[in-house]
Amino acid sequence: MSTDASTSSRKRSKWDGDDSEKSPQLRIAKKKAKVKTIEVSGSASQTKPATRWGHSVYVPPRTMHPPIMPSRSVYCHERLNQIEEGSYGVVFRARDKETGEIVALKKLKLDEEKNGFPITALREINALMLCRHENVVGIREVVVGDTLTQVFVVMDFIEHDLKTLLTVMPSPFLQSEIKTLMLQLLSAVAHCHTNWILHRDLKTSNLLMNNRGTIKVADFGLARRYGDPVGVGGMTQLVVTLWYRAPEILLGAKTYSTAIDMWSVGCIFAELILKEPLFQTKNETEMLQMIFKLLGPPTNNSWPDYSSLPLAKTMTLPSPQPHQFRSKFPHLTAAGLDLLMSFLTYDPERRISAEEALQHSYFSEPPLPKHPDLFGSFPSAAAGEKRRKPFSSPSAPVRAADYKLLTEFDIP
């Protein structure tokens, strides 16, 4: 069949009318775009069409790009149990019906959204895709339900979070284990910062740990690219859970960078040692007072930019006093104390980076970091496992005065 015949037999829409063919401007434009002379390296000029089916010859064809596939249905997974509910979503444990793998499903909270897909969810998905790392929770896909408000992020399932684990552990982590956990955390944070991603909510409840001693950073709901233009209003101060929030944010700083994550890492380091959060307060004022008590009040030498912060004038500084790190952490080595103080430093410019912390002498002094495979395992609350109660064994026998030993003559 000829081209004309096939064209005439095809059903035309209202956009395929003959009026457009009669336009003189369109006929002139078509003549100009008919051919284009391009230079081919090492040979004479050749005449080739500038486009093929409306596609530039200088752009790779669609076959060179990965195909755009539709999202799978959430019903491809079997729901097992709810793990937790946060500010930006509800997390479930589920089983993939096709592969049988156990995964974590995070249902995004979209019921109250009136302006489209929430920016926090887009940032979280984008950050997880950019920061693929062995110590960052892996994102697998995004699945959907029956309505527009049912969107789920499918991630790797990890048995524990450090917050829960610290409360149920019979004894705190050993120094060798703390070093292993800190090296993994610093490796993940350094990778995120290399990819220009600020986590902005590092805390023990957002650090997941499996039964093989590996931790993974999770919950990127507050993460964002810090290389983006900040805009007129600056960066929001409503970031980082209060107990892990850096002093510059507490004092109203509108611009900040990787140093806020490093302060949170220092709070996590202290929590692993103490087996409880370092700063447990109810509001920002109490938080600053506890920081001033531990570090001593800021001075022009320790924090030159303190007086320029928006809320600095509203604070009444206590009388000068030395820091209290040694009395708070009496069993920490000198190198460990130096690393902790490098994290919890007033001036963000002087605060240690993740890359620098990985090279700190604390990790090379004895005891050396323990291999993750040598960590103990614990029942997983996220998997619905309960802690086993200790078996009640009978007490040792007590010899009575008139007790007679059983002899062979007593056996019938």
Side-chain angles (χ1 to χ4, degrees), residues 81-93 104-106 124 128 135-138 153 155-175 177-189 192 199-223 238-246 260-283 286-287 290-291 328-329 340 343-344 370 372 375-387:
N81 62 280
Q82 180 174 329
I83 299 176
E84 64 175 352
E85 181 173 358
S87 303
Y88 301 99
V90 186
V91 183
F92 302 93
R93 187 173 69 103
L105 285 178
K106 182 174 183 179
E124 179 172 16
L128 285 171
N135 296 119
V136 175
V137 66
V153 181
M155 297 175 288
D156 297 335
F157 171 75
I158 313 296
E159 290 87 351
H160 311 281
D161 67 86
L162 275 183
K163 182 71 173 180
T164 304
L165 203 54
L166 286 170
T167 59
V168 300
M169 288 175 61
S171 58
F173 286 112
L174 301 174
Q175 280 296 315
E177 296 172 334
I178 291 176
K179 291 182 180 182
T180 302
L181 298 177
M182 287 299 299
L183 283 173
Q184 295 180 67
L185 172 59
L186 289 169
S187 178
V189 174
C192 292
H199 188 280
R200 302 200 299 182
D201 197 22
L202 290 172
K203 54 184 177 179
T204 49
S205 58
N206 286 342
L207 300 182
L208 308 182
M209 178 176 171
N210 61 22
N211 281 326
R212 293 164 300 282
T214 302
I215 66 169
K216 295 180 182 289
V217 180
D219 200 347
F220 281 69
L222 287 176
L238 297 176
V239 292
V240 189
T241 302
L242 178 61
W243 294 355
Y244 306 85
R245 194 176 300 167
I260 67 164
D261 281 347
M262 301 314 299
W263 177 277
S264 301
V265 171
C267 294
I268 294 170
F269 184 24
E271 188 170 348
L272 291 175
I273 298 171
L274 300 173
K275 206 171 178 283
E276 65 177 4
L278 177 60
F279 302 113
Q280 302 183 53
T281 61
K282 297 180 181 178
N283 53 55
E286 287 185 13
M287 181 71 178
M290 289 194 70
I291 293 174
K328 186 72 173 179
F329 303 92
L340 180 60
F343 289 133
L344 302 179
K370 179 186 285 188
F375 275 62
S377 61
F378 303 91
S380 172
E385 299 173 357
K386 297 181 180 179
R387 286 181 56 84

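Here the structure is a predicted model, which is why all the values come from computation and not from measurement.
At distances below 3.5 Å, at least one donor-acceptor pair connects side-chain atoms of W243 with backbone N or O atoms of T281. No side-chain donor-acceptor contact under 3.5 Å links N135 to the backbone of S187. Looking at R93, its side chain never comes within 3.5 Å of a backbone N or O of N81 through a donor-acceptor pair. A donor-acceptor pair under 3.5 Å is formed between the side chain of D261 and the backbone N or O of R200. Judged by distance alone, with hydrogens and angles left aside, the side-chain atoms of D201 form no donor-acceptor pair with the main-chain N or O of V239 at under 3.5 Å. Side-chain atoms of K163 do not come within 3.5 Å of backbone N or O of K203 as any donor-acceptor pair. In this structure a side-chain-to-backbone donor-acceptor pair under 3.5 Å is missing from T180 to P372.
The side chain to side chain contact (heavy atoms under 4.5 Å, CB included) test with V137 is passed by exactly one of V217, L207, L128, D219: L128.
To the nearest 0.5 Å, atom CZ of residue F329 and atom CG of residue L340 are 5.0 Å apart. Distance CG/L208 to OG1/T214: 12.0 Å, rounded to 0.5 Å.
Side-chain contact check for I178 versus F269: some heavy-atom pair is nearer than 4.5 Å. Taking the side chain as every heavy atom from C-beta outward, L278 and E271 never approach each other to under 4.5 Å. Contact check for L181 versus I268: no side-chain heavy atoms found under the 4.5 Å cut-off.
Ring pair F220/H199 is perpendicular by interplanar angle, where above 60° counts as perpendicular and below 30° as parallel.
Residue-environment remark: NZ (K370) exceeds the threshold of 12 foreign heavy atoms within 6.0 Å.
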